[in-house]
Amino acid sequence: MPVTNFVSRVTANSASTLWTISRTVAVSSIHRATFVSSAEGSPPPAEGFMHGVANSKFIKNTKDACLRHPELSAVKDSETKKMNFFTAVNDALATALATDEKAVVFGEDVGFGGVFRCTIGLAEKFGKERVFNMPLTEQGIIGFGIGMAAVGHTPIAEIQFADYVFPAFDQIVNEAAKYRYRSGNEFNVGGLTIRMPCNAVGHGALYHSQSPEAYFAHTPGLKIVYPRSPIQAKGFLLSAIRDPNPVLVMEPKILYRSAVEHVPVDDFELPLGKAEIVKEGKDLTVVAWGSQLYVLELAVAEAEKRMPGLSIEIIDLRSILPWDRETVEKSVNKTGRLLISHEAPHTGGFGGEIAAAIQERCFLKLEAPIARVCGWDTPFPLVFEKFYVPSMIRCLDEIERIMKY
Amino acid sequence: MTYRVGHHSTSDDSFAYRPKKEVSDWTTHDNPINRFRKYLESLNLWSEHQEVAFKKQCRADILDALNAAEKVKKPAVSNMFTDVYDEMPWNLVEQKEKLDLLMRRHPDHFGLEVYTKDDE
């Protein structure tokens, strides 16, 4: 029972509660709001992973909803097609191959469609010289891509799972990222794009679930983008391919089939380095990227139901490097509270960077310490996945805690 | 050299990228298990009859083990935090306490009845 829980927490914590009440009464009416049970009773159980995607308000279910987005104004007269995430990736790759004769697509099993079907039909359509398999060697795949990019091609490499990018870490961090800098801009590998499926999937265990964005966020010279939907999958992949810097595209594998929306058929790009406010609010800012957005959407809806009057702003960070500090900063200056949530472990996660930057710039506006709801500092477990991930219930608890601070 | 005659996983259809004949050839020709069996049979140490009985017994043993395993509770949730290191550092101790509190506050949410309790 949420009410009983709330009461027992309040009584268990009476000293700090008195202080909290005296502090919050003066601030805004939202703090005085009572927590009430949701109309539907208890939140959904931890099983049924990603139950939020199909009904998400962030998904564009119609042509109008899709084309109304201001970022898509350049293709406002385009036809749209219902695509899932992997079809949208496929569409972007086909667009890149058709518009750039120097583009090539390669990776393990890519020639016959890829394990997630992202490259299906491309070898048949564009030829085996442009869409092909690579041996089981990630450093070989990326090294090959760096070489091609250095002589002016547009290599689009697939790492089959982000969990297996680490053999290529040296190539990415020491070669790709430093190419322009160490040659004084004489050479660059800006044509290189690296796609990799990441995030939890419900049963992926240690080696098919990880989200390694923070390792690469520590690497000057790279860009990192994290699409959350089919529209973003297409738009960001095309931006990444055409950006004159090496770009990592992290694709939440749980969304390949589960996220379906109307996507413009025409060629379009979305801006790298820009976050998107997906829901406006005034009392708390929550920031996430990738599939975690849908977990937060559910947690926010539940929190707003339990605390009438509460209004939470949700920001999809979209780009990890460079990240859109300005949008987060403006939002936190308005709301005074910030929660960041990611699946990767808490310690050293990208949430730490956001928290540090925002407290530097919004210190006097903050009403509560910046909160992080992340994976625990353990390897990604198999049998304990639902206890490990920053689940809806954990996010909800943290939202309630911040609002009572 | 080794050759995988099965699919990579339950979600893999390996005939999308290799001919069926290649797999069936590897199953029959030069298959080290078959060759060893034939070698044993040539020495009268093994027979078709023993092979059939042995396979049947193995299948029954595996099904028994599966059935038994399905009745066993999943390990205690605290196992998530142990064996990351030889001893739990402060961050894991703290995170384990946070999760314990969360599970106490939402006992029905996690379906805890199928997990072993720490004191069991």
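Protein chains get the first letters and strands the later ones, always in sequence-line order, with residue 1 at the start of each.
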Student: Does B/His8 reach the side chain of A/Val115, with side-chain heavy atoms less than 4.5 Å apart?
Tutor: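 Result no, sub-4.5 Å side-chain heavy-atom pair not found.
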Student: Is the number of heavy atoms from other residues, nucleotides or ligands within 6.0 Å of CZ (B/Phe15) greater than 12?
Tutor: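 More than 12 heavy atoms, drawn from other residues, nucleotides or ligands, come within 6.0 Å of this atom.
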Student: Nearest 0.5 angstrom please: A/Asp377 CG to B/Asn91 CG, how far?
Tutor: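 Going from CG on A/Asp377 over to CG on B/Asn91, the span is 4.5 Å.
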Student: Report, as yes or no, whether the 6.0 Å neighbourhood of atom OH on B/Tyr3 holds more than 12 heavy atoms from other residues, nucleotides or ligands.
Tutor: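 For B/Tyr3, atom OH is crowded (more than 12 foreign heavy atoms under 6.0 Å).
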Student: Quick one: pull up CE in B/Met80 and OG1 in A/Thr378 and give me the separation to the nearest 0.5 Å.
Tutor: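 If we round to the nearest 0.5 Å, B/Met80:CE and A/Thr378:OG1 are 6.0 Å apart.
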Student: Within the 4.5 Å heavy-atom criterion, are B/Leu99 and A/Trp376 side-chain neighbours or not?
Tutor: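 The answer is yes, as the side chains (C-beta and beyond) meet within the 4.5 Å cut-off.
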Student: Atom NZ of B/Lys98 and atom NE2 of A/His346: how far apart are they, to the nearest 0.5 Å?
Tutor: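 So the gap between those two atoms works out to 6.5 Å.
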Student: Evaluate whether atom NZ of A/Lys125 has more than 12 neighbouring non-hydrogen atoms of other residues, nucleotides or ligands under 6.0 angstrom away.
Tutor: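 No, because the 6.0 Å sphere around NZ of A/Lys125 holds 12 heavy atoms or fewer from other groups.
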Student: Measuring heavy-atom distances to chain A, does B/Asn79 have an atom under 4.5 Å in its side chain, in its backbone, in both, or in neither?
Tutor: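 For B/Asn79, heavy atoms of backbone and side chain both lie under 4.5 Å from chain A.
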Student: To the nearest 0.5 Å, tell me how far A/Met392 CE sits from B/His109 NE2.
Tutor: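 Here the rounded value is 6.5 Å.
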Student: So with a 6.0 Å cut-off around CD1 of B/Ile33, is the heavy-atom count from everything else above 12?
Tutor: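 It does not: B/Ile33 CD1 has 12 such atoms or fewer within range.
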Student: Could you tell me the separation between the CZ atom of A/Phe387 and the NZ atom of B/Lys96, rounded to the nearest 0.5 Å?
Tutor: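 The NZ atom of B/Lys96 is 12.5 Å from CZ of A/Phe387, to the nearest 0.5 Å.
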Student: Could you tell me which portion of A/Phe112 (side chain, backbone, both or neither) has an atom closer than 4.5 angstrom to a non-hydrogen atom of chain B?
Tutor: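 The answer is the side chain of A/Phe112.
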Student: Counting only non-hydrogen atoms closer than 4.5 Å, does B/Pro75 touch chain A with its backbone (N, CA, C, O), its side chain (CB onward), both, or neither?
Tutor: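 Backbone plus side chain of B/Pro75, per the 4.5 Å heavy-atom cut-off to chain A.
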Student: Is B/Leu92 in contact with chain A via its backbone, its side chain, both, or neither, using a 4.5 Å heavy-atom distance?
Tutor: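 The answer is the side chain of B/Leu92.
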Student: Could you tell me whether the side chain of A/Lys386 and the main chain of B/Phe110 form a donor-acceptor pair under 3.5 Å?
Tutor: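 Yes.
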Student: Does B/Arg35 CZ have over 12 foreign heavy atoms under 6.0 Å away?
Tutor: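 Not buried by this count: 12 neighbours or fewer within 6.0 Å.
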Student: Check whether more than 12 heavy atoms from other residues, nucleotides or ligands sit under 6.0 Å from atom OH of B/Tyr17, and answer yes or no.
Tutor: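 Counting neighbours around OH of B/Tyr17, more than 12 heavy atoms of other residues, nucleotides or ligands fall under 6.0 Å, so yes.
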Student: Measuring heavy-atom distances to chain A, does B/Leu112 have an atom under 4.5 Å in its side chain, in its backbone, in both, or in neither?
Tutor: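 For B/Leu112, the side chain is the part near chain A, not the backbone.
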Student: Other residues, nucleotides and ligands only: do more than 12 of their heavy atoms fall within 6.0 Å of CZ on B/Arg59?
Tutor: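 Atom CZ in B/Arg59 is not crowded, with 12 or fewer foreign heavy atoms closer than 6.0 Å.
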